[in-house]
Structures are given as C-alpha cells and as structure tokens.
Amino acid sequence: MVTQIISTMETQVSNGPTSNSSLPNGPLISANGATDDSKTNLIVNYLPQNMTQEEFKSLFGSIGEIESCKLVRDKITGQSLGYGFVNYVDSNDADKAINTLNGLKLQTKTIKVSYARPSSASIRDANLYVSGLPKTMSQKEMEQLFSQYGRIITSRILVDQVTGVSRGVGFIRFDKRIEAEEAIKGLNGQKPLGASEPITVKFANNPSQKTGQALLTHLYQTTARRYTGPLHHQTQRFSPLSLISRFSPITIDSMTSLAGVNLTGASSAGWCIFVYNLSPEADESVLWQLFGPFGAVTNVKVIRDFTTNKCKGFGFVTMTNYDEAAMAIASLNGYRLGDRILQVSFKTSEEFVKTKHGAI
DNA sequence: TTGAATT
C-alpha cells in the first residue's frame, strides 16, 4: 500500500497581472466599461479538501477587504474542487496576499496564490498528460522540452513517495489550449534527446473523485502528519515537556486543559486556542502558518495595541475539531518561534478575564 | 502508472 502513495513536485508560477496600469488603488475601468480585475483577482490552488468557504474567506480576509471570494465546488456533489478565487478591493492587498500566503502549508497541502488570468474559453482544456518520460528527467528538463510550444502555467512529475524516484509520468498545463495542441503534435511519440523510449503526450483526463484507495492514502498522509506536525518545525522544536517547569504557570493550564479539566476553549464556533509570547511584529499569517498544518482553522486573531498597532504578545486561533486542536496545542506549546518560546493552550476563563482587563 | 488551474 505504501508504495502506491505518490507525491508531486510543482513549480510555483505567478501568472502576473495582465494590465500594466501604474495606478495602485481602486477599481480599474477599461474602455468598454468593464472593471479590470487583473491586479485584484487571485486564484488559489491546492486548498485542503475539507476547507470551507468560511475558512477560505477568513484566511484571505485577514489580509484586507475582500470584494468577493468563491471556493469552487463540484456542481453535482458539492465537494470542494480544491481551488478558489479571491477578489480584493485594493490591489495592494492582492499583492500582499501573494507575498504572505503563497506557499502556506495547510494540512497536507501547500497552497498556491497567484493572479487569476482573465476567464476565457481559450485557456480551458490546456492540460496535458505525459507518460514514458525518462526516469532521470527533471521537472525543469520537462518544462524545457515543452516550453517551445507556449507558456507553461504548471508542470508536475509524479514520483514514488517512498523512493522519490520519478514514475515517468507528468502533467503540463499550458496557458492556451492551442499551445497544448501544438505540443501534442510536436512531441507525442517523440524521443526526448538522449532517451531510449518515445513519450506519450495527450490531453489529461479530468481529475476523478477519490477512490476508496485514494481515501486510504489521504487518511494515511493526514494521520502521519498529525503525529509529526509541520515538517519545517521538526528540526527546531523544543520538547514541551522539558519546558513545563521552566516556563510560566500558563503551560500548566494547558496541561489541565488537554486533560479535559478546564475546556473553556469550546464554543459553537469551535475550539478557541490561546497563543502567548508572540513578538510585537507578529501578524495573522504567522498564526495560519503555525496552526494550519494541524487541521481546520476557522479564525485567527492577533491582539494589537490600539495606538501602536503592535502585537500585544498574544493571539487566538479557532479550530473546528477537538483532536486537531489538541494535537496543535501538544505540538506547538513550547515551540520556539524566533527567540521566543510559545505558550499554547485552550483558552481558559482566567485568560479571558486577563484579556478583558488588559492585564497581560 | 492520471493532478483538483478559470468563477
């Protein structure tokens, strides 16, 4: 079973705004009266399957005011298709969203945030399936092979999860369908330079719903990740247990919370988590970064000083599921962020009082 | 040997 798990590599491609107006703000109006969304409208790819419209809006709304946003769903089943659109009021916020949220790890996914191309029939069905690739061919080399036929939006080579070796299968998405057609004509049945076998190039099928096996695979990955936490944390984590006696009574509170003694973090909206010892420069994106990998996060908030707008050293994160919240707390409490040791617990009534009175 | 990229 394990050998059937696959992973992918992908280049992060910025589509780039298609308008070159130098005006940074406000809705742009073109000659025909239509609004120009090219600098405010973003496409977001590789969203976790279980992310809701509300979580999607919460994540991107933490950057700035949203004109509209939409998580794209299957018309029949209502299942998320794993991508969505966010149109900001201000193009500066769109730019900021790309800079701060592109590459964000959410559960098993690494999201991609880029400018949306103008919707057009000419960009649809431009995805190619390539098989028979030499196992030694890199993603970059595959792109070089195909780039003579047009602008590549994404490329991907499937690899064996365990060995990391290429499976000789990949995808190339072109900007335009006609480019994809030309690539098929030029490359299908051809041997790449130095290859012993010809490659097959054809239009890709639509991604299918997960089969039972794929669901098992997903479950395996989700479970494995839960117990290891975010990958980028592993090399620098402190053991939370070693910190209990050396770092403040709030850590003890988190232990009683975890044991189910004092679960005031619960509410209809989910499980509210208290995060203490953030730096004055902390922002919402760091909370998404920290907690997103553990499961569904519905809201994050950095508490700021009213006059300086600097973080007052703490914030809150709301997570939907208890087990994911508990795992996040167990993993992130005692985590070193920069030169600070975070204290993470379910929000308690005590902290609620302190917060209300501004005593922290 | 098939991935959620155009509302």
Side-chain angles (χ1 to χ4, degrees), chain A residues 3-16 18 35 37-38 40-51 53 56-57 60 66-88 98 102 106-135 139 142 150-163 165-177 179-180 197 199-211 213-215 217-218 221:
Chain A
T3 55
Q4 307 212 25
I5 296 168
I6 53 165
S7 74
T8 60
M9 305 178 287
E10 177 153 344
T11 306
Q12 296 280 325
V13 178
S14 176
N15 293 323
T18 53
T35 56
D37 290 340
S38 64
T40 57
N41 195 29
L42 305 179
I43 185 164
V44 184
N45 290 289
Y46 313 112
L47 293 166
Q49 177 62 230
N50 59 5
M51 187 175 223
Q53 167 78 26
F56 183 58
K57 185 172 186 180
F60 285 88
I66 291 173
E67 194 277 322
S68 63
C69 74
K70 182 174 196 176
L71 178 66
V72 180
R73 295 180 177 279
D74 184 286
K75 284 187 178 68
I76 313 282
T77 67
Q79 290 284 92
S80 166
L81 294 184
Y83 66 94
F85 296 89
V86 180
N87 196 10
Y88 283 99
I98 291 173
N102 184 40
L106 292 177
Q107 298 171 252
T108 61
K109 304 286 190 176
T110 301
I111 71 170
K112 179 179 173 183
V113 185
S114 56
Y115 290 108
R117 292 171 289 163
S119 188
S120 154
S122 66
I123 67 172
R124 293 181 54 183
D125 302 317
N127 197 23
L128 297 180
Y129 171 78
V130 187
S131 59
L133 292 165
K135 299 285 198 284
Q139 183 188 18
M142 182 178 72
R151 178 185 174 211
I152 296 170
I153 300 301
T154 58
S155 71
R156 163 172 291 188
I157 286 179
L158 304 186
V159 300
D160 185 287
Q161 176 82 36
V162 177
T163 66
V165 70
S166 166
R167 297 171 62 205
V169 173
F171 292 87
I172 295 276
R173 180 179 298 277
F174 280 101
D175 182 38
K176 295 291 194 298
R177 179 178 172 91
E179 296 168 343
E197 298 299 324
I199 61 173
T200 299
V201 184
K202 57 185 190 178
F203 283 109
N205 297 332
N206 286 324
S208 55
Q209 283 292 346
K210 281 188 191 316
T211 63
Q213 168 131 134
L215 282 171
T217 297
H218 178 73
Q221 292 172 327

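Throughout, protein chains are lettered first and strands after them, A, B, ... in sequence-line order, and every chain is numbered starting at 1. Computed from heavy atoms alone, side chains included, the values below leave out hydrogens, waters and symmetry copies.
- Side-chain atoms of A/Gln53 come within 3.5 Å of backbone atoms of A/Cys69 as a donor-acceptor pair (strictly under, hydrogens ignored).
- Comparing B/dT2, B/dT6, B/dA4 against the side chain of A/Ile123 picks out B/dT6 as the nearest.
- Among the atoms of the strands shown, base atoms are found under 4.0 Å from some heavy atom of A/Lys135.
- Rounded to an integer number of Å, the gap from CG of A/Leu81 to P of B/dA4 is 12 Å.
- Residues that satisfy the side chain to side chain donor-acceptor pair (under 3.5 Å) test with A/Asp175, not counting sequence neighbours, are A/Arg117.
- With rounding to whole Å, A/Arg156 atom CZ is found 5 Å from B/dG3 atom C1'.
- With A/Tyr88 contributing its side chain and A/Phe60 its backbone, the two residues share a donor-acceptor pair below 3.5 Å.
- Below the 3.5 angstrom threshold, one finds no donor paired with an acceptor across the side chain of A/Asn206 and the base of B/dG3.
- Rounded to an integer number of Å, the gap from A/Asn45 CG to B/dT7 P is 13 Å.
- Rounded to an integer number of Å, the gap from A/Leu133 CG to B/dT2 C1' is 13 Å.
- The nucleotide whose nearest atom lies closest to any side-chain atom of A/Asn41 is, among B/dG3, B/dT7, B/dT1, B/dT7.
- A/Ser80 comes within 4.0 angstrom of a base, heavy atoms only.
- Residues A/Ser114 and A/Ile43 are in side-chain contact: their nearest non-hydrogen atoms beyond the backbone lie under 4.5 Å apart.
- Taking the side chain as every heavy atom from C-beta outward, A/Tyr83 and A/Val44 never approach each other to under 4.5 Å.
- Minimum atom distance to the side chain of A/Arg167 is reached by B/dT1, of the listed B/dT6, B/dT1, B/dA4.
- To the nearest angstrom, C1' of B/dT2 lies 4 Å from CZ of A/Phe171.
- The CD1-P distance, from A/Ile111 to B/dA4, rounds to 14 Å in whole Å.
- In this model, the phosphate group of B/dT1 is not approached by any side-chain N or O of A/Ser131 to a distance below 4.0 Å at OP1 or OP2.
- For the pair A/Asn87 and A/Ala204, nearest-nucleotide mapping onto DNA chain B gives the more 5' position to A/Ala204.
- For B/dT2, the base has a donor-acceptor partner in the side chain of A/Lys202 [N/O atoms by modelled type, under 3.5 angstrom].
- The side chain to side chain donor-acceptor pair (under 3.5 Å) search around A/Ser122 returns A/Ser120, not counting sequence neighbours.
- Atoms CE (A/Met142) and P (B/dT2) sit 15 Å apart, rounded to a whole Å.
- An OP1 or OP2 oxygen of B/dA4 is reached within less than 4.0 angstrom by no side-chain nitrogen or oxygen of A/Arg173.
- Residue A/Arg117 places a side-chain atom within donor-acceptor reach of the base of B/dT6, judged by atom type and a 3.5 Å distance cut-off alone.
- Contact annotation for A/Tyr83: backbone-only contact, meaning every heavy-atom pair under 4.0 Å involves sugar-phosphate atoms and none involves a base.
- Note: NZ (A/Lys75) to C1' (B/dT6) measures 11 Å, nearest angstrom.
- Set against B/dT7, B/dT1, B/dA4, the side chain of A/Gln49 has B/dA4 as its closest nucleotide.
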